[in-house]
Amino acid sequence: MDKTSADTIAAIATPPGKGGIGIVRVSGPQVPSLIERYFGRPLPSRQAELRPFRDRGGEILDRGIAIFFEAPHSYTGEHVLELQAHGGPVVLSLLLRYMLELGARPARPGEFTERAFLNDKMDLAQAEAVIDLIDSSSEQAARAAARSLQGAFSHTVLQLKEKLIRLRMHIEAALDFPEEEIDFLADAELAGRMRELQLQLTEVSRSLRVGRLLKEGLSVLILGRPNAGKSSLLNRLAGREAAIVTEIAGTTRDVLREHIHIEGVPLHIIDTAGLRDSADPVEREGVRRAWAEVEQADHVLLIVDDRTGVSPEEEKIIQALPSDKPFDLIRNKIDLSGREPFVETIDVQRKTLGLSAKTGAGIELLLAHLKQHIGAGQTLENIVTARQRHIDAIAEVERHVSLAADQLKARQGELAAEELMLAQQTLGAIIGEFHSDDLLGEIFSSFCIGK
Ligand code: GDP
(Lines give C-alpha, C1' and ligand atoms only; values in the text may rest on other atoms or scores of the structure.)
Protein backbone atom coordinates (compact mmCIF):
# COMPACT_ATOMS: atom_id res chain seq x y z
CA MET A 1 0.00 0.00 0.00
CA ASP A 2 2.69 2.44 0.99
CA LYS A 3 4.36 3.15 -2.29
CA THR A 4 5.56 6.59 -1.43
CA SER A 5 8.12 7.13 1.14
CA ALA A 6 10.76 5.68 3.29
CA ASP A 7 10.77 8.69 5.54
CA THR A 8 8.45 9.69 8.30
CA ILE A 9 7.04 13.21 8.53
CA ALA A 10 5.69 15.23 11.43
CA ALA A 11 3.93 18.56 11.87
CA ILE A 12 1.62 20.48 14.14
CA ALA A 13 -1.74 19.95 12.44
CA THR A 14 -3.74 22.60 14.27
CA PRO A 15 -3.49 26.34 13.53
CA PRO A 16 -0.81 28.43 15.24
CA GLY A 17 -1.82 30.10 18.47
CA LYS A 18 -3.60 28.95 21.59
CA GLY A 19 -6.53 26.58 21.57
CA GLY A 20 -8.36 24.00 23.64
CA ILE A 21 -6.65 21.19 21.79
CA GLY A 22 -3.57 21.06 19.60
CA ILE A 23 -2.55 18.12 17.48
CA VAL A 24 0.84 16.85 16.40
CA ARG A 25 0.59 14.45 13.51
CA VAL A 26 3.24 11.93 12.45
CA SER A 27 3.03 9.73 9.34
CA GLY A 28 5.33 7.15 7.81
CA PRO A 29 6.84 3.70 8.16
CA GLN A 30 8.79 4.50 11.33
CA VAL A 31 5.70 5.40 13.34
CA PRO A 32 5.37 2.03 15.18
CA SER A 33 9.01 2.07 16.33
CA LEU A 34 8.72 5.75 17.20
CA ILE A 35 5.69 4.95 19.40
CA GLU A 36 7.60 2.20 21.17
CA ARG A 37 10.48 4.49 21.91
CA TYR A 38 8.23 7.37 22.99
CA PHE A 39 5.70 5.51 25.13
CA GLY A 40 7.83 2.48 25.99
CA ARG A 41 5.27 0.17 24.40
CA PRO A 42 3.09 -0.15 21.32
CA LEU A 43 -0.35 1.45 21.01
CA PRO A 44 -3.39 -0.48 19.79
CA SER A 45 -4.63 0.66 16.37
CA ARG A 46 -7.44 3.20 16.22
CA GLN A 47 -8.09 3.49 19.94
CA ALA A 48 -7.89 6.68 21.90
CA GLU A 49 -5.39 6.26 24.72
CA LEU A 50 -4.91 8.76 27.53
CA ARG A 51 -1.13 9.06 27.97
CA PRO A 52 1.43 11.28 29.60
CA PHE A 53 3.34 13.23 26.97
CA ARG A 54 6.94 13.54 28.09
CA ASP A 55 9.77 15.71 26.93
CA ARG A 56 13.24 14.41 26.16
CA GLY A 57 14.35 14.52 29.74
CA GLY A 58 11.45 12.28 30.73
CA GLU A 59 9.54 15.06 32.42
CA ILE A 60 5.76 15.10 31.84
CA LEU A 61 4.85 18.03 29.59
CA ASP A 62 1.15 17.31 29.29
CA ARG A 63 -1.35 14.49 29.37
CA GLY A 64 -3.36 13.89 26.26
CA ILE A 65 -4.88 11.49 23.80
CA ALA A 66 -2.63 9.41 21.57
CA ILE A 67 -4.14 7.60 18.60
CA PHE A 68 -2.28 5.21 16.36
CA PHE A 69 -3.78 4.52 12.92
CA GLU A 70 -2.23 1.41 11.47
CA ALA A 71 -1.56 1.48 7.72
CA PRO A 72 -3.47 1.49 5.47
CA HIS A 73 -6.38 2.65 7.63
CA SER A 74 -5.32 6.25 8.05
CA TYR A 75 -5.64 9.60 6.31
CA THR A 76 -2.35 9.17 4.47
CA GLY A 77 -2.59 5.42 3.98
CA GLU A 78 0.61 5.09 6.04
CA HIS A 79 1.07 4.44 9.76
CA VAL A 80 -0.07 7.60 11.52
CA LEU A 81 0.25 8.82 15.10
CA GLU A 82 -1.81 11.71 16.40
CA LEU A 83 -0.97 13.34 19.70
CA GLN A 84 -3.80 15.51 20.97
CA ALA A 85 -2.42 17.79 23.63
CA HIS A 86 -3.51 21.08 25.12
CA GLY A 87 -3.31 23.68 22.39
CA GLY A 88 -0.43 25.81 23.56
CA PRO A 89 2.27 26.75 21.07
CA VAL A 90 5.12 25.85 23.46
CA VAL A 91 3.74 22.44 24.39
CA LEU A 92 3.13 21.58 20.74
CA SER A 93 6.56 22.77 19.59
CA LEU A 94 8.25 20.70 22.30
CA LEU A 95 6.23 17.63 21.30
CA LEU A 96 7.03 18.18 17.64
CA ARG A 97 10.71 18.67 18.39
CA TYR A 98 10.78 15.36 20.23
CA MET A 99 9.10 13.58 17.29
CA LEU A 100 11.79 15.03 15.02
CA GLU A 101 14.49 13.79 17.34
CA LEU A 102 12.92 10.33 17.26
CA GLY A 103 13.49 10.22 13.50
CA ALA A 104 10.68 12.13 11.79
CA ARG A 105 11.40 15.10 9.55
CA PRO A 106 9.29 18.25 9.29
CA ALA A 107 6.42 17.85 6.80
CA ARG A 108 6.13 20.17 3.82
CA PRO A 109 2.85 22.05 3.27
CA GLY A 110 0.17 19.61 2.13
CA GLU A 111 2.48 16.62 2.41
CA PHE A 112 0.03 14.50 4.43
CA THR A 113 -2.62 14.99 1.74
CA GLU A 114 -0.06 14.46 -1.02
CA ARG A 115 0.77 11.10 0.55
CA ALA A 116 -2.95 10.30 0.77
CA PHE A 117 -3.12 10.95 -2.97
CA LEU A 118 0.01 8.93 -3.77
CA ASN A 119 -1.35 6.04 -1.67
CA ASP A 120 -4.68 6.08 -3.54
CA LYS A 121 -6.66 7.30 -0.56
CA MET A 122 -8.11 10.00 -2.80
CA ASP A 123 -7.65 11.23 -6.34
CA LEU A 124 -6.22 14.59 -7.30
CA ALA A 125 -9.57 16.37 -7.65
CA GLN A 126 -10.50 15.17 -4.16
CA ALA A 127 -7.16 16.30 -2.74
CA GLU A 128 -7.80 19.74 -4.21
CA ALA A 129 -11.23 19.72 -2.60
CA VAL A 130 -9.56 19.30 0.82
CA ILE A 131 -7.99 22.72 0.53
CA ASP A 132 -11.12 24.22 -1.01
CA LEU A 133 -13.10 22.99 1.99
CA ILE A 134 -10.58 24.52 4.39
CA ASP A 135 -10.47 27.77 2.41
CA SER A 136 -14.18 28.12 1.71
CA SER A 137 -15.56 31.50 2.62
CA SER A 138 -19.24 30.67 2.42
CA GLU A 139 -21.58 27.84 3.28
CA GLN A 140 -22.33 27.14 -0.38
CA ALA A 141 -18.63 26.97 -1.23
CA ALA A 142 -18.02 24.59 1.68
CA ARG A 143 -20.87 22.33 0.57
CA ALA A 144 -19.55 22.27 -2.99
CA ALA A 145 -16.07 21.38 -1.75
CA ALA A 146 -17.49 18.62 0.46
CA ARG A 147 -19.27 17.15 -2.57
CA SER A 148 -16.02 17.14 -4.55
CA LEU A 149 -14.17 15.64 -1.61
CA GLN A 150 -16.67 12.82 -1.49
CA GLY A 151 -15.91 12.16 -5.12
CA ALA A 152 -18.91 13.69 -6.92
CA PHE A 153 -16.75 15.48 -9.48
CA SER A 154 -14.35 12.55 -9.90
CA HIS A 155 -17.36 10.32 -10.53
CA THR A 156 -18.55 12.60 -13.34
CA VAL A 157 -15.06 12.63 -14.84
CA LEU A 158 -14.86 8.85 -14.74
CA GLN A 159 -18.28 8.52 -16.35
CA LEU A 160 -17.27 10.85 -19.16
CA LYS A 161 -14.08 8.92 -19.59
CA GLU A 162 -15.91 5.65 -19.87
CA LYS A 163 -18.17 7.09 -22.57
CA LEU A 164 -15.13 8.34 -24.45
CA ILE A 165 -13.44 4.96 -24.28
CA ARG A 166 -16.52 3.18 -25.59
CA LEU A 167 -16.80 5.62 -28.48
CA ARG A 168 -13.15 5.28 -29.32
CA MET A 169 -13.32 1.50 -29.21
CA HIS A 170 -16.30 1.56 -31.51
CA ILE A 171 -14.39 3.69 -34.02
CA GLU A 172 -11.23 1.63 -33.69
CA ALA A 173 -13.17 -1.57 -34.26
CA ALA A 174 -14.51 -0.04 -37.46
CA LEU A 175 -10.95 0.70 -38.54
CA ASP A 176 -10.09 -2.98 -38.22
CA PHE A 177 -12.56 -3.76 -40.96
CA PRO A 178 -11.50 -1.33 -43.64
CA GLU A 179 -13.88 -2.67 -46.23
CA GLU A 180 -16.81 -1.81 -43.95
CA GLU A 181 -15.22 1.27 -42.43
CA ILE A 182 -17.26 3.78 -44.37
CA ASP A 183 -20.53 2.27 -43.25
CA PHE A 184 -19.49 1.95 -39.64
CA LEU A 185 -18.34 5.51 -39.36
CA ALA A 186 -21.45 6.81 -41.09
CA ASP A 187 -23.56 5.15 -38.42
CA ALA A 188 -26.12 7.68 -37.22
CA GLU A 189 -26.01 6.15 -33.78
CA LEU A 190 -22.31 6.93 -33.49
CA ALA A 191 -22.88 10.56 -34.41
CA GLY A 192 -25.74 10.67 -31.91
CA ARG A 193 -23.54 9.37 -29.11
CA MET A 194 -20.91 11.92 -30.00
CA ARG A 195 -23.48 14.70 -29.77
CA GLU A 196 -24.71 13.39 -26.45
CA LEU A 197 -21.18 13.45 -25.11
CA GLN A 198 -20.74 17.02 -26.31
CA LEU A 199 -23.94 18.09 -24.59
CA GLN A 200 -22.84 16.47 -21.38
CA LEU A 201 -19.48 18.23 -21.58
CA THR A 202 -21.24 21.56 -22.06
CA GLU A 203 -23.32 20.86 -18.97
CA VAL A 204 -20.27 19.90 -16.92
CA SER A 205 -18.41 23.01 -17.98
CA ARG A 206 -21.42 25.18 -17.09
CA SER A 207 -21.64 23.71 -13.63
CA LEU A 208 -17.88 24.01 -13.12
CA ARG A 209 -18.16 27.69 -13.86
CA VAL A 210 -20.80 28.04 -11.19
CA GLY A 211 -18.51 26.05 -8.88
CA ARG A 212 -15.70 28.48 -9.54
CA LEU A 213 -18.01 31.43 -8.93
CA LEU A 214 -18.95 29.90 -5.59
CA LYS A 215 -15.33 29.60 -4.64
CA GLU A 216 -14.01 32.84 -6.02
CA GLY A 217 -17.17 34.89 -6.08
CA LEU A 218 -18.89 36.80 -8.81
CA SER A 219 -17.23 40.05 -9.72
CA VAL A 220 -19.88 42.65 -10.33
CA LEU A 221 -18.63 45.87 -11.83
CA ILE A 222 -20.61 49.03 -11.31
CA LEU A 223 -20.06 51.60 -14.06
CA GLY A 224 -21.57 54.99 -14.49
CA ARG A 225 -21.06 58.72 -14.77
CA PRO A 226 -20.08 60.73 -11.71
CA ASN A 227 -23.10 61.24 -9.48
CA ALA A 228 -25.14 58.51 -11.14
CA GLY A 229 -25.29 56.78 -7.76
CA LYS A 230 -22.59 54.08 -8.01
CA SER A 231 -21.32 54.53 -4.47
CA SER A 232 -24.86 54.66 -3.12
CA LEU A 233 -25.71 51.41 -4.89
CA LEU A 234 -22.53 49.84 -3.61
CA ASN A 235 -23.41 50.85 -0.10
CA ARG A 236 -26.93 49.54 -0.52
CA LEU A 237 -25.66 46.17 -1.69
CA ALA A 238 -22.96 45.98 0.93
CA GLY A 239 -25.37 47.14 3.61
CA ARG A 240 -22.96 49.65 5.05
CA GLU A 241 -20.93 52.73 4.33
CA ALA A 242 -18.19 51.26 2.13
CA ALA A 243 -17.68 54.10 -0.31
CA ILE A 244 -17.71 57.80 0.36
CA VAL A 245 -20.85 59.33 -1.07
CA THR A 246 -20.61 63.01 -1.91
CA GLU A 247 -22.35 65.44 -4.23
CA ILE A 248 -19.17 66.57 -5.99
CA ALA A 249 -18.81 64.85 -9.36
CA GLY A 250 -15.93 62.44 -9.75
CA THR A 251 -15.02 61.78 -6.13
CA THR A 252 -14.60 58.04 -6.44
CA ARG A 253 -11.56 58.22 -8.64
CA ASP A 254 -10.00 55.06 -7.50
CA VAL A 255 -11.23 51.57 -8.04
CA LEU A 256 -12.83 50.42 -4.84
CA ARG A 257 -13.70 46.88 -3.97
CA GLU A 258 -16.23 45.47 -1.61
CA HIS A 259 -17.01 41.86 -0.86
CA ILE A 260 -20.48 40.81 0.14
CA HIS A 261 -22.41 37.56 0.32
CA ILE A 262 -25.81 36.93 -1.14
CA GLU A 263 -27.24 33.83 0.50
CA GLY A 264 -23.84 32.30 0.94
CA VAL A 265 -22.61 33.27 -2.53
CA PRO A 266 -19.75 35.75 -2.49
CA LEU A 267 -19.98 38.85 -4.67
CA HIS A 268 -17.32 41.43 -5.33
CA ILE A 269 -18.54 44.91 -5.97
CA ILE A 270 -16.17 47.23 -7.75
CA ASP A 271 -16.91 50.89 -7.99
CA THR A 272 -14.91 52.63 -10.68
CA ALA A 273 -14.15 56.19 -11.55
CA GLY A 274 -16.53 57.93 -13.89
CA LEU A 275 -16.01 56.99 -17.52
CA ARG A 276 -16.11 60.44 -19.05
CA ASP A 277 -13.09 61.70 -20.93
CA SER A 278 -11.08 64.10 -18.90
CA ALA A 279 -7.95 66.18 -19.18
CA ASP A 280 -7.08 65.43 -15.59
CA PRO A 281 -4.36 62.76 -15.73
CA VAL A 282 -5.47 61.20 -12.46
CA GLU A 283 -8.98 60.80 -13.79
CA ARG A 284 -7.72 59.51 -17.16
CA GLU A 285 -5.83 56.82 -15.32
CA GLY A 286 -9.06 55.98 -13.51
CA VAL A 287 -10.87 55.63 -16.85
CA ARG A 288 -8.20 53.31 -18.20
CA ARG A 289 -8.38 51.15 -15.11
CA ALA A 290 -12.16 51.07 -15.29
CA TRP A 291 -11.97 49.51 -18.75
CA ALA A 292 -9.39 47.00 -17.57
CA GLU A 293 -11.86 46.04 -14.86
CA VAL A 294 -14.59 45.55 -17.45
CA GLU A 295 -12.47 42.85 -19.05
CA GLN A 296 -12.15 41.02 -15.75
CA ALA A 297 -15.70 41.34 -14.47
CA ASP A 298 -18.25 38.52 -14.58
CA HIS A 299 -21.14 40.96 -14.66
CA VAL A 300 -21.39 44.66 -15.45
CA LEU A 301 -23.97 47.12 -14.17
CA LEU A 302 -24.21 50.49 -15.91
CA ILE A 303 -25.99 52.95 -13.71
CA VAL A 304 -27.78 56.03 -15.08
CA ASP A 305 -30.10 58.64 -13.64
CA ASP A 306 -33.66 57.60 -14.57
CA ARG A 307 -34.57 61.24 -15.19
CA THR A 308 -31.96 61.74 -17.90
CA GLY A 309 -31.63 58.18 -19.19
CA VAL A 310 -28.81 56.87 -21.33
CA SER A 311 -26.65 59.62 -22.82
CA PRO A 312 -25.02 59.23 -26.26
CA GLU A 313 -21.71 58.87 -24.42
CA GLU A 314 -23.11 56.00 -22.36
CA GLU A 315 -24.66 54.44 -25.43
CA LYS A 316 -21.11 54.27 -26.80
CA ILE A 317 -19.96 52.53 -23.64
CA ILE A 318 -22.74 49.94 -23.97
CA GLN A 319 -21.76 49.34 -27.59
CA ALA A 320 -18.13 48.94 -26.57
CA LEU A 321 -18.87 46.22 -24.00
CA PRO A 322 -17.83 42.72 -25.09
CA SER A 323 -20.95 41.10 -26.54
CA ASP A 324 -20.79 38.05 -24.28
CA LYS A 325 -20.47 40.11 -21.10
CA PRO A 326 -23.55 39.79 -18.89
CA PHE A 327 -24.76 43.34 -18.50
CA ASP A 328 -27.65 45.22 -16.94
CA LEU A 329 -28.73 48.82 -17.20
CA ILE A 330 -29.69 50.30 -13.84
CA ARG A 331 -32.02 53.29 -13.99
CA ASN A 332 -31.38 54.82 -10.60
CA LYS A 333 -33.13 57.54 -8.61
CA ILE A 334 -36.67 56.43 -9.43
CA ASP A 335 -37.69 58.22 -6.25
CA LEU A 336 -36.89 61.46 -8.08
CA SER A 337 -38.45 60.47 -11.42
CA GLY A 338 -41.53 59.24 -9.57
CA ARG A 339 -41.53 55.74 -11.01
CA GLU A 340 -42.13 52.37 -9.34
CA PRO A 341 -39.36 49.72 -9.34
CA PHE A 342 -39.33 47.72 -12.58
CA VAL A 343 -37.48 45.08 -14.59
CA GLU A 344 -37.46 45.01 -18.39
CA THR A 345 -35.77 42.33 -20.42
CA ILE A 346 -33.53 43.56 -23.23
CA ASP A 347 -32.34 40.09 -24.20
CA VAL A 348 -31.28 36.86 -22.49
CA GLN A 349 -28.13 38.36 -21.01
CA ARG A 350 -29.41 41.88 -20.47
CA LYS A 351 -32.06 43.60 -18.42
CA THR A 352 -33.06 47.11 -17.46
CA LEU A 353 -33.87 47.60 -13.79
CA GLY A 354 -35.45 50.66 -12.25
CA LEU A 355 -34.57 51.27 -8.61
CA SER A 356 -33.50 53.79 -6.04
CA ALA A 357 -30.15 53.30 -4.36
CA LYS A 358 -31.13 55.98 -1.89
CA THR A 359 -34.46 54.61 -0.66
CA GLY A 360 -33.67 50.96 -1.40
CA ALA A 361 -36.79 50.56 -3.56
CA GLY A 362 -36.19 47.86 -6.20
CA ILE A 363 -32.93 46.65 -4.68
CA GLU A 364 -34.49 43.23 -4.04
CA LEU A 365 -35.18 42.96 -7.80
CA LEU A 366 -31.50 43.49 -8.50
CA LEU A 367 -30.42 41.01 -5.85
CA ALA A 368 -32.82 38.37 -7.18
CA HIS A 369 -31.55 38.96 -10.68
CA LEU A 370 -27.89 38.66 -9.65
CA LYS A 371 -28.65 35.49 -7.72
CA GLN A 372 -30.34 34.02 -10.74
CA HIS A 373 -27.33 34.92 -12.81
CA ILE A 374 -24.95 33.01 -10.55
CA GLY A 375 -27.32 30.08 -10.54
CA ALA A 376 -28.08 30.35 -6.83
CA GLY A 377 -31.00 28.36 -5.50
CA GLN A 378 -31.87 24.79 -6.36
CA THR A 379 -29.23 24.19 -8.98
CA LEU A 380 -26.48 24.72 -6.43
CA GLU A 381 -27.31 21.37 -4.87
CA ASN A 382 -25.26 19.49 -7.40
CA ILE A 383 -22.50 22.00 -7.85
CA VAL A 384 -19.02 20.81 -7.01
CA THR A 385 -16.03 22.94 -6.25
CA ALA A 386 -14.00 23.80 -9.31
CA ARG A 387 -10.64 25.24 -10.10
CA GLN A 388 -9.40 26.94 -13.22
CA ARG A 389 -7.34 23.77 -13.87
CA HIS A 390 -10.56 21.74 -14.12
CA ILE A 391 -12.35 24.31 -16.26
CA ASP A 392 -9.39 24.50 -18.65
CA ALA A 393 -9.16 20.72 -18.84
CA ILE A 394 -12.85 20.29 -19.64
CA ALA A 395 -12.55 23.01 -22.30
CA GLU A 396 -9.67 21.07 -23.81
CA VAL A 397 -11.71 17.87 -23.75
CA GLU A 398 -14.54 19.74 -25.51
CA ARG A 399 -12.11 20.88 -28.19
CA HIS A 400 -10.80 17.36 -28.80
CA VAL A 401 -14.28 15.87 -28.92
CA SER A 402 -15.48 18.52 -31.33
CA LEU A 403 -12.46 17.87 -33.57
CA ALA A 404 -13.21 14.15 -33.34
CA ALA A 405 -16.79 14.80 -34.43
CA ASP A 406 -15.50 16.77 -37.44
CA GLN A 407 -13.08 13.99 -38.36
CA LEU A 408 -15.84 11.47 -38.07
CA LYS A 409 -17.99 13.48 -40.45
CA ALA A 410 -15.05 13.53 -42.85
CA ARG A 411 -14.80 9.73 -42.37
CA GLN A 412 -11.32 10.11 -40.90
CA GLY A 413 -11.75 7.38 -38.33
CA GLU A 414 -8.13 7.18 -37.30
CA LEU A 415 -7.86 10.90 -36.64
CA ALA A 416 -11.16 10.87 -34.76
CA ALA A 417 -9.92 8.05 -32.54
CA GLU A 418 -6.74 9.97 -31.86
CA GLU A 419 -8.64 13.07 -30.76
CA LEU A 420 -10.76 10.94 -28.46
CA MET A 421 -7.60 9.44 -26.99
CA LEU A 422 -6.29 12.93 -26.24
CA ALA A 423 -9.63 13.87 -24.68
CA GLN A 424 -9.46 10.75 -22.54
CA GLN A 425 -5.95 11.58 -21.33
CA THR A 426 -6.98 15.12 -20.46
CA LEU A 427 -9.84 13.78 -18.35
CA GLY A 428 -7.43 11.39 -16.64
CA ALA A 429 -5.17 14.30 -15.74
CA ILE A 430 -8.01 15.98 -13.81
CA ILE A 431 -8.14 13.15 -11.31
CA GLY A 432 -4.38 12.67 -11.37
CA GLU A 433 -4.03 9.49 -13.41
CA PHE A 434 -1.15 11.23 -15.08
CA HIS A 435 0.61 13.92 -13.18
CA SER A 436 3.88 15.74 -13.15
CA ASP A 437 5.86 16.61 -10.05
CA ASP A 438 5.41 20.24 -11.03
CA LEU A 439 1.65 19.94 -10.93
CA LEU A 440 1.73 18.18 -7.56
CA GLY A 441 4.10 20.83 -6.23
CA GLU A 442 1.80 23.58 -7.43
CA ILE A 443 -1.29 22.03 -5.91
CA PHE A 444 0.07 20.91 -2.57
CA SER A 445 2.28 23.89 -1.85
CA SER A 446 -0.85 26.00 -1.41
CA PHE A 447 -1.89 23.80 1.52
CA CYS A 448 -1.00 24.56 5.09
CA ILE A 449 1.66 22.63 6.93
CA GLY A 450 0.16 19.72 8.81
CA LYS A 451 -2.58 19.11 6.24
P1 GDP B 1 -21.41 58.17 -7.79
O2 GDP B 1 -20.61 59.37 -8.12
O3 GDP B 1 -21.92 57.52 -9.02
O4 GDP B 1 -20.73 57.21 -6.89
O5 GDP B 1 -22.72 58.71 -7.06
P6 GDP B 1 -23.08 58.75 -5.51
O7 GDP B 1 -23.51 57.42 -5.04
O8 GDP B 1 -21.97 59.44 -4.80
O9 GDP B 1 -24.36 59.65 -5.53
C10 GDP B 1 -24.36 60.98 -5.99
C11 GDP B 1 -25.50 61.74 -5.32
O12 GDP B 1 -26.72 61.19 -5.75
C13 GDP B 1 -25.50 61.63 -3.81
O14 GDP B 1 -25.92 62.86 -3.30
C15 GDP B 1 -26.52 60.57 -3.54
O16 GDP B 1 -27.13 60.71 -2.27
C17 GDP B 1 -27.50 60.78 -4.64
N18 GDP B 1 -28.24 59.57 -5.00
C19 GDP B 1 -27.72 58.36 -5.35
N20 GDP B 1 -28.71 57.48 -5.60
C21 GDP B 1 -29.87 58.13 -5.40
C22 GDP B 1 -31.25 57.76 -5.51
O23 GDP B 1 -31.63 56.64 -5.85
N24 GDP B 1 -32.17 58.74 -5.23
C25 GDP B 1 -31.79 60.00 -4.86
N26 GDP B 1 -32.76 60.86 -4.58
N27 GDP B 1 -30.52 60.37 -4.75
C28 GDP B 1 -29.57 59.46 -5.01
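All ligand and atom numbering here is 1-based and tracks the order in the structure. What's counted below: heavy atoms across the whole structure, side chains too, no hydrogens, waters or symmetry copies. Note that the numbering runs from 1 along the sequence shown for the chain.
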N/O of [X] under 3.5 Å from N/O of ligand 1, yes or no?
| X | answer |
| --- | --- |
| Leu336 | no |
| Ser356 | yes |
| Ala228 | yes |

For [X], take its heavy atoms, then give the atoms of ligand 1 lying under 4.0 Å from any of them.
| X | value |
| --- | --- |
| Lys230 | 1 (P), 2 (O), 3 (O), 4 (O), 5 (O), 7 (O) |
| Gly229 | 1 (P), 3 (O), 5 (O), 6 (P), 7 (O), 9 (O), 19 (C) |
| Arg225 | 3 (O) |
| Ser232 | 6 (P), 7 (O), 9 (O), 15 (C), 19 (C), 20 (N) |

Backbone N/O of Gln407 and side chain of Gln412: donor-acceptor pair under 3.5 Å: no

Polar side-chain atom of Thr426 near backbone of Glu396 as donor-acceptor pair, under 3.5 Å: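 Absent.
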
Leu439, CG: over 12 other non-hydrogen atoms inside 6.0 angstrom: yes

Carboxylate-amine/guanidinium proximity below 4.0 Å for Asp305 and Arg331: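 So Asp305 does not pair with Arg331 through a salt bridge.
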
Ion pair Asp328/Lys351, N-O distance below 4.0 Å: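 Looking at Lys351 together with Asp328, the answer is no, because their closest N to O distance does not fall below 4.0 Å.
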
Lys451 and Glu111: CA distance, side-chain angles, deciding distance, salt bridge (charged side-chain N to carboxylate O under 4.0 Å, His left out) verdict: CA-CA 7 Å; Lys451 189 65 238 171; Glu111 201 173 1; over 6 Å; no

Side chain, backbone, both or neither: the part of Pro226 lying under 4.0 Å from ligand 1 by heavy atom: backbone

Side-chain donor-acceptor pair present, Ser27, Tyr75, cut-off under 3.5 Å: no

Options Arg331, Arg307, Lys358, Arg236, ranked by nearest heavy atom to atom 22 (C) of ligand 1, top entry: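 Checking each option, the heavy atom nearest atom 22 (C) of ligand 1 is found in Lys358.
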
